[in-house]
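Here is the structure we will look at.
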Amino acid sequence: MFQVTVLALVVAMSWPSACADDDWAAYKTKYNKAYTGDEDNRRRAIWQDTMTQVREHNALYAQGKTSFFMAENALSDVSLDEISDAQDNYVELEDNVETPVSEKLVSQAKNIPESVDWREENIVTEVKNQGPFGSCWAFAVVAAVESLHLKSTGEKVLLSESNLVDCATSEGCNATSRLKAFQYIIDNKGIATQASYPYIPQKGPCNFSSSMVGAQIKSYVQLPSGDETALKEAVATIGPVTVGFDANHSSYKSYGGDVYDEPDCSRSRLTHAVLVVGYGSQNGKDYWILKNSYGSWGLNDTGYMLMARNKENMCGIATRAIYPTLCGGIEEQEGLTPGALNLGCPETQIGAVGSVRGCGEIEKIGLVYICIIMFNLWCEGNMI
């Protein structure tokens, strides 16, 4: 499915040790960079160091000693410290998470496919660019809600990350930003469209109004921490799922393709948030398909990444996995707290947002078994 771009790899491996002036000029032109004086010298030094790392790593890749290759990208002249600072030192700590009611077995759905790619079903919106600001959590949440809305209604609506940044929390990037963002959308009865509330890479005053709403959710589900099987089932049967992982590595900054496997990754210190849109295997390597928020970056500059799967929760990919749902949760029927596991709801209409699927939709994606076997919930719609 994913092929190594041989030309890019050869170029990276054969990069001269002393990068010429025209190479640096070409890099700045390609990525719209403009520096003068000392700043130009500093950026060039970072870029040269990055390209040395790329060349050395790719020599190992060519020998089969690593599972992925690295490449030049828009972050090649940016240091890891700068990236961390730009992200407001965003860290999600597993120890900070109070186990929610939703942390239960997701399903007993049968015949989970060996590979899934929701992009092929046209329910994944385009890759966006968060810029030099710690809003990865907002981009991951928005991407998940966009996909959920598109899958449920057939309507593509781009939603507002700035609505979440400005209104969902006063704390910026913190250990509960994704949870707070989903809860904000629920409490707010919707999230603004991107057109009505354009993205600005900084926190500002909350300017939301109900006339801006482009999509709604009813609740969210947090999967069992570290459980890649539960994550696989959720991605296969529900759709894209937000995750956090440890991205504070030069290998990640310069990731270029194939299946990312970083032995120094933490499984509890999550420094970046993205969207899992599928999974699969190639050449004996299992992977997750991650949608990032860096614009042109990563796998053949598409903005995507393949993360190692079934490698003991590589980089904490399954430590905190959360997805939104349009269905009312079991808390509505049993008095549980918001965020509880959602399994079914009657077909209903929510304002101008569109038809919200109930068990009829769940049936289509193979989770009808849940309604009958696991929780004995009443569901409306035709059963198989």
Side-chain angles (χ1 to χ4, degrees), residues 90 118-119 121-131 133-169 172-173 176-221 235 238-244 272-277 290-295 303-304 321-327 339 342 349-357 361:
Y90 172 77
W118 284 107
R119 296 173 299 177
E121 304 300 324
N122 296 316
I123 71 156
V124 180
T125 55
E126 56 262 37
V127 172
K128 301 179 185 179
N129 194 339
Q130 69 185 68
F133 184 63
S135 52
C136 57
W137 57 274
F139 277 80
V141 167
V142 162
V145 177
E146 287 174 345
S147 288
L148 174 65
H149 184 78
L150 181 54
K151 182 173 183 290
S152 300
T153 69
E155 178 188 18
K156 178 183 176 181
V157 179
L158 297 181
L159 302 171
S160 173
E161 292 81 14
S162 277
N163 180 191
L164 298 182
V165 170
D166 295 346
C167 308
T169 174
C173 275
T176 57
S177 286
R178 278 187 290 143
L179 296 175
K180 286 186 176 181
F182 283 126
Q183 193 62 51
Y184 167 81
I185 298 172
I186 295 167
D187 297 341
N188 197 52
K189 295 181 172 59
I191 180 174
T193 64
Q194 180 177 279
S196 66
Y197 205 138
Y199 178 67
I200 300 174
Q202 63 185 35
K203 185 171 177 61
C206 181
N207 294 316
F208 173 83
S209 72
S210 59
S211 63
M212 298 176 176
V213 169
Q216 296 179 338
I217 65 172
K218 198 63 179 290
S219 193
Y220 57 85
V221 174
V235 172
I238 300 296
V241 175
T242 71
V243 296
H272 191 50
V274 294
L275 188 71
V276 177
V277 301
L290 308 185
K291 178 187 178 183
N292 210 338
S293 52
Y294 290 168
Y304 287 88
I322 314 167
Y323 66 84
T325 175
L326 290 171
C327 287
N342 295 273
Q349 192 79 15
I350 300 182
V353 175
S355 176
V356 180
R357 308 300 188 210
E361 176 68 10

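Being a predicted model, the structure only gives us computed values, none of them experimental.
- Residues Lys203 and Phe133 come closest through the heavy atom pair N-CZ, 3.6 Å.
- How far CH2 of Trp118 is from CD1 of Ile123: 5.0 Å, rounded to the nearest 0.5 Å.
- Heavy-atom minimum distance, Leu326 versus Ile217: CD2-CA, 4.1 Å.
- Looking only at distances, no side-chain donor or acceptor of Tyr323 sits under 3.5 Å from a matching main-chain atom of Ala144.
- Residues Asn163 and Met212 have side chains not in contact (no heavy-atom distance under 4.5 Å, counting atoms from C-beta outward).
- The backbone N or O of Thr242 sits less than 3.5 Å from a side-chain atom of Arg178, completing a donor-acceptor pair.
- In this structure the side chain of Val241 never reaches within 4.5 angstrom of the side chain of Leu275, judged on heavy atoms.
- Here the OG atom belonging to Ser177 is positioned 14.0 Å from the OH atom belonging to Tyr184, to the nearest 0.5 angstrom.
- A donor-acceptor distance shorter than 3.5 angstrom exists from the side chain of Ser162 to the backbone of Ile200, with no hydrogens or angles considered.
- Residues Val157 and Thr193 are in side-chain contact: their nearest non-hydrogen atoms beyond the backbone lie under 4.5 Å apart.
- Going from atom CD of Gln183 over to atom OH of Tyr220 covers 5.0 Å, rounded to the nearest 0.5 Å.
- To the nearest 0.5 Å, atoms CD (Glu146) and CD (Gln194) are separated by 7.0 Å.
- A 4.5 Å side-chain heavy-atom check between Ile185 and Val141 finds at least one atom pair inside the cut-off.
- Scanning both residues, Ile186 and Ser219, for their nearest heavy atoms gives CD1-CA, 3.4 Å.
- Taking all atoms of both residues into account, the shortest heavy-atom contact from Ile191 to Phe208 is C-CE1, 4.5 Å.
- Nearest heavy atom pair, residue Val142 against residue Ser160, reads CG2-O, 3.8 Å.
- The backbone N or O of Asn122 lies less than 3.5 Å from no partner atom in the side chain of Lys156, so there is not a single donor-acceptor pair.
- Across every non-hydrogen atom of Pro324 and Phe182, the tightest pair is CB-CE2, 3.6 Å.
- For the atom pair CG of Leu150 and CD of Glu121, the computed distance is 11.0 Å after rounding to the nearest 0.5 Å.
- Separating the CH2 atom in Trp137 from the CG atom in Leu179 is a distance of 11.5 Å, to the nearest 0.5 Å.
- Geometrically, Arg119 engages Tyr304 in a cation-pi contact, judged by NZ or CZ lying under 6.0 Å from the ring centre and within 45° of the ring axis.
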